[in-house]
Amino acid sequence: MLEAANAWILALGSQYNVNPYIFAAIYVGAIPFFFASIAWLVRRARAGRSTVAPTMLAGFFFVSAYIYLAIFGQDIPLWVWIFLAALIVYGAVSTIRDTRRKIAAATVDEPGDS
């Protein structure tokens, strides 16, 4: 059964010129870097410093697997791009809300604010 699933995944990947295991490795491998960028962003925001660099890095890590798909993929159906765009927009909005909450909570909880 695992062999059949593996063959199906690899066949699907070769149909679109994308190695699904590379895609998955980029997707999973970017997660710690994404969270590190968000932590860096929160620290810089709390300190009143520019958050451009950590925001750009977080965005890059958030979409890195899809960048791989866009560069190497061929004949990807339009519905896949629409679905991915919806996922990215939802994820971005959710991340922005969560990050703003963390920044607000960190500013309220700063020591020395008596």
Side-chain angles (χ1 to χ4, degrees):
M1 183 165 139
L2 286 177
E3 289 179 19
N6 185 49
W8 177 75
I9 290 170
L10 290 175
L12 192 59
S14 67
Q15 177 182 351
Y16 298 115
N17 196 39
V18 173
N19 184 324
Y21 296 113
I22 292 175
F23 179 87
I26 294 170
Y27 191 90
V28 173
I31 292 171
F33 296 104
F34 171 76
F35 284 122
S37 299
I38 295 295
W40 184 30
L41 186 151
V42 170
R43 281 194 314 272
R44 288 186 66 90
R46 284 178 48 198
R49 298 175 64 197
S50 172
T51 58
V52 173
T55 301
M56 297 290 284
L57 278 174
F60 170 75
F61 292 125
F62 190 74
V63 298
S64 58
Y66 307 119
I67 292 172
Y68 167 74
L69 183 66
I71 292 171
F72 295 103
Q74 294 176 347
D75 301 324
I76 307 292
L78 179 62
W79 71 266
V80 171
W81 293 116
I82 293 169
F83 179 73
L84 289 177
L87 282 177
I88 290 169
V89 167
Y90 174 76
V93 168
S94 174
T95 301
I96 289 167
R97 284 185 191 155
D98 189 42
T99 303
R100 285 182 177 164
R101 269 191 236 116
K102 287 178 184 176
I103 292 169
T107 357
V108 168
D109 294 342
E110 282 185 12
D113 288 346
S114 298

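With sequence neighbours excluded, no residue satisfies side chain to side chain donor-acceptor pair (under 3.5 Å) with Y27.
Between A30 and S64, the closest heavy-atom pair is CB-OG, 3.5 Å. Scanning all heavy atoms of the two residues, the minimum distance from F34 to A58 falls at CD1-O, 3.3 Å. In this structure, P20 and I9 approach most closely via the heavy-atom pair CG-CG2, 3.3 Å. Contact record, S50 with R44: O-NE, 2.6 Å, taken as the closest heavy-atom pair.
Criterion: ILVMFWY side-chain heavy atoms under 4.5 Å apart, direct or through other members. Under it, L87 and I96 are not part of a common hydrophobic cluster. Clustering ILVMFWY residues whenever any of their side-chain heavy atoms sit less than 4.5 angstrom apart, transitively, puts I31 in a cluster other than the one holding M56. A continuous path of hydrophobic side-chain contacts links I38 to F60 [ILVMFWY only; heavy atoms under 4.5 Å].
The CZ atom of F62 sits 12.5 Å away from the OG atom of S37 when rounded to the nearest 0.5 Å.
W40 has its side chain out of reach of T51: every pair of non-hydrogen atoms, C-beta onward, lies at least 4.5 Å apart.
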Can you give each donor-acceptor pair under 3.5 Å made by side-chain atoms of residues 65-86, sequence neighbours left out, with the distance rounded to 0.1 Å?
residue	atom	partner	partner atom	Å
Y68	OH	N19	N	3.1

Which atom pairs, donor and acceptor, lie under 3.5 Å between side-chain atoms of residues 99-106 and protein residues at least two apart or in another chain?
residue	atom	partner	partner atom	Å
T99	OG1	T95	O	2.8
K102	NZ	D98	OD2	3.4

